[in-house]
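Have a look at the structure below before the remarks.
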Amino acid sequence: MDTREQNYADFISTVSHELRTPLTSIRGFSQTMLQSWDKIDDESKKKFLKIIEEQSNRLINLVENMLSVTKLQSSKDNFVYKETNIKPLLEQTISIVKNQYKTHNFDLDVHKNIPPVFTDRDKFQQVMTNLIENAAKYSDENSTVYITVTPSDNPHHISIKVTDTGIGIDEKDYEKIFTKFSRIDNPLTRKVQGSGLGLYITKNIVEKMDGTISVCSKDNKTTFEVVLPVGNMEDYARAKCSQ
Ligand SMILES: Nc1ncnc2c1ncn2[C@@H]1O[C@H](COP(=O)(O)OP(=O)(O)OP(=O)(O)O)[C@@H](O)[C@H]1O
Ligand SMILES: [Mg+2]
């Protein structure tokens, strides 16, 4: 088998495993309910249905992420750059995540000198959703997630930082978390579900936008930093021409 075939075989094997786990659980709990409906009390029925709902959500998340990966690998995945005021876009992203993580606090601080940015709004939002969702997902309820936007040291770039005080990430895992299907195997990560594709997709999008992403975690304080070019009409026109 050559490397490409091996990669493909590994991909299929990982995907099959990721799909089988929630499907087995959905089938198991629905079979139990159908076969023993009269013997199960209402409380347990509710519990089983909750598991079925959670596992279905897990499958939807996985399929959506796999579609994103495939799209990013295809040349047809065009980015549409528009002049964008990122503050309202970030506010919208935060309110979407807040809806899912109601007890977390989200603190947005956009430096006053941030110019409009030429970016693909959907892709920008996908990047920020992944990072803000992770920050909430891997930290305690009632904790605060900080999102700050400042000019970057790199001229004509902005820096967006997402910081949480959660389970933290070991330095040895900094690279690994950005690869396909990678989750850090510890009891705290296992408590929440995920496909391990979010950061892989995020890094891919950021790099397609000519930006960079990095992580730094110390004393359980984890910061992901995205540095993006502000862009201009010329870049925008060039992007348009190449579509
Ligand atoms: N803010 C964070 N704090 C601690 N660990 C994190 C954080 N963000 C990511 N990780 C670790 O990196 C791994 C990969 O993150 P990634 O977003 O790619 O996948 P995921 O959250 O597990 O699943 P999903 O594909 O649903 O996003 C996570 O499983 C977790 O172990
Ligand atoms: Mg994630």
Side-chain angles (χ1 to χ4, degrees), residues 10-11 14-23 25 53-73 90 93-94 96-101 103-108 122-148 160-208 212-226:
D10 289 349
F11 181 71
T14 312
V15 169
S16 311
H17 173 78
E18 294 291 323
L19 290 172
R20 194 163 49 201
T21 314
L23 281 171
S25 154
E53 188 195 27
E54 273 169 20
Q55 295 300 315
S56 310
N57 284 335
R58 181 174 165 188
L59 280 176
I60 291 169
N61 176 44
L62 176 65
V63 170
E64 276 172 358
N65 278 344
M66 285 195 313
L67 284 174
S68 283
V69 170
T70 319
K71 239 175 115 192
L72 279 165
Q73 281 162 354
L90 283 169
T93 311
I94 290 169
I96 293 167
V97 180
K98 171 88 182 162
N99 205 26
Q100 208 186 336
Y101 295 90
T103 57
H104 277 79
N105 305 300
F106 297 88
D107 182 301
L108 173 66
D122 289 344
K123 295 284 195 299
F124 177 83
Q125 206 161 22
Q126 196 176 355
V127 164
M128 294 322 299
T129 307
N130 276 334
L131 294 179
I132 300 170
E133 220 172 58
N134 275 351
K137 190 160 138 179
Y138 301 109
S139 63
D140 277 343
E141 295 176 1
N142 303 317
S143 67
T144 303
V145 174
Y146 296 91
I147 303 107
T148 57
I160 307 164
K161 292 196 178 105
V162 179
T163 301
D164 68 77
T165 320
I167 64 174
I169 303 172
D170 264 5
E171 199 172 341
K172 66 167 175 43
D173 294 321
Y174 284 0
E175 267 181 49
K176 183 184 164 192
I177 55 172
F178 292 103
T179 57
K180 244 186 252 174
F181 294 113
S182 56
R183 306 196 75 214
I184 306 305
D185 190 26
N186 66 36
L188 291 166
T189 310
R190 253 177 269 136
K191 265 204 322 205
V192 285
Q193 280 160 8
S195 66
L197 287 173
L199 285 175
Y200 172 78
I201 294 168
T202 302
K203 186 173 160 75
N204 247 274
I205 296 177
V206 169
E207 288 178 352
K208 285 201 168 168
T212 55
I213 182 165
S214 56
V215 61
C216 182
S217 186
K218 245 187 218 132
D219 306 325
N220 290 0
K221 194 168 149 186
T222 304
T223 299
F224 281 85
E225 181 183 20
V226 172

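When a ligand or atom number is given, it counts from 1 through the structure's own listing order. The shown structure was predicted, so the numbers you read here are calculated from the model rather than taken from an experiment. Both backbone and side-chain heavy atoms feed into the values below; hydrogens, waters and symmetry mates do not.
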- Heavy-atom donor-acceptor pair, Ser217 side chain to Ile169 backbone, under 3.5 Å: yes
- Item | Carboxylate-amine/guanidinium contact Lys221 Asp219, below 4.0 Å | no
- Looking at ligand 1, does any of its N/O atoms fall within less than 3.5 Å of an N/O of Ile167? no
- Does at least one non-hydrogen atom of Gly166 fall below 4.0 angstrom from an atom of ligand 1? no
- Query: Mind checking whether His104 and Tyr101 have parallel, tilted or perpendicular rings, split at 30° and 60°?
  - Reply: perpendicular
- Task: Can you pull out the closest protein heavy atom to atom 15 (O) of ligand 1? Residue, atom name and distance to 0.1 Å, please.
- Result: Leu199 CD1, 3.6 Å
- Distance-minimising heavy-atom pair for Ile205 and Val127: CG2-CG2, 3.6 Å
- Task: Provide, to 0.1 Å, the distance between atom 28 (C) of ligand 1 and the closest protein heavy atom, together with that atom's residue and name.
- Result: Tyr138 OH, 3.3 Å
- Item | Protein heavy atom at shortest distance from atom 17 (O) of ligand 1 | Asn134 ND2, 2.8 Å
- Query: Is the Mg ion (ligand 2) under 2.8 Å from any N, O or S atom of Asn134?
  - Reply: yes
- Looking only at protein heavy atoms, what sits closest to atom 4 (C) of ligand 1 is Ile169 CG1, 3.5 Å
- Of the protein's non-hydrogen atoms, which lies at the shortest distance from atom 12 (O) of ligand 1, and what is that distance? Ile177 CG2, 3.2 Å
- Task: Have a look at ligand 1 and work out which part of Asn130, if any, has a heavy atom under 4.0 Å from it: side chain, backbone, both or neither.
- Result: neither
- Task: Can you figure out which of Ser217, Gly196, Ala136 has its heavy atom closest to atom 19 (O) of ligand 1?
- Result: Gly196
- Item | Sub-3.5 Å N/O-N/O distance, Leu197 and ligand 1 | yes
- Report yes or no: does a heavy atom of Gln193 sit under 4.0 Å from some atom of ligand 1? no
- Does atom CD of Gln100 have more than 12 heavy-atom neighbours from other groups under 6.0 Å away? yes
- Item | Closest non-hydrogen atom pair between Phe106 and Ala136, with its separation | CZ-CB, 4.2 Å
- Note on the structure: atom 1 (N) of ligand 1: closest protein heavy atom, distance to 0.1 Å, is Asp164 OD2, 2.9 Å
- Please determine if Ser195 has a nitrogen or oxygen closer than 3.5 Å to a nitrogen or oxygen of ligand 1. yes
- Has the side chain of Asn105 got a donor or acceptor atom that lies under 3.5 Å from a matching backbone atom of Asn142? yes
- Query: Heavy-atom contacts under 4.0 Å between Ser182 and ligand 1: side chain, backbone, both, or neither?
  - Reply: backbone
- Message: Taking 4.0 Å as the limit for heavy-atom contacts, which would you say applies to Thr202 with ligand 1: side chain only, backbone only, both, or neither?
- Response: neither
- Do Asn130 and Leu199 touch side chain to side chain, with heavy atoms closer than 4.5 Å? no
- Note on the structure: shortest atom 31 (O) of ligand 1-to-protein heavy-atom contact is with Ile184 N, 3.1 Å
- Task: Measure Asn61 to ligand 1 on non-hydrogen atoms and call it side chain, backbone, both or neither using the 4.0 Å cut-off.
- Result: side chain
- Item | Heavy-atom closest contact (Val206 atom, Ile213 atom, distance) | CG1-N, 4.2 Å
- Can you tell me which residue and heavy atom of the protein come closest to atom 22 (O) of ligand 1, and the distance to 0.1 Å? Arg183 NE, 2.5 Å
- Between Lys180 and Gln73, which heavy-atom pair has the shortest distance, and what is it? NZ-NE2, 3.7 Å
- Note on the structure: Smallest heavy-atom separation, Ser195 atom then Asn61 atom, equals N-ND2, 4.3 Å
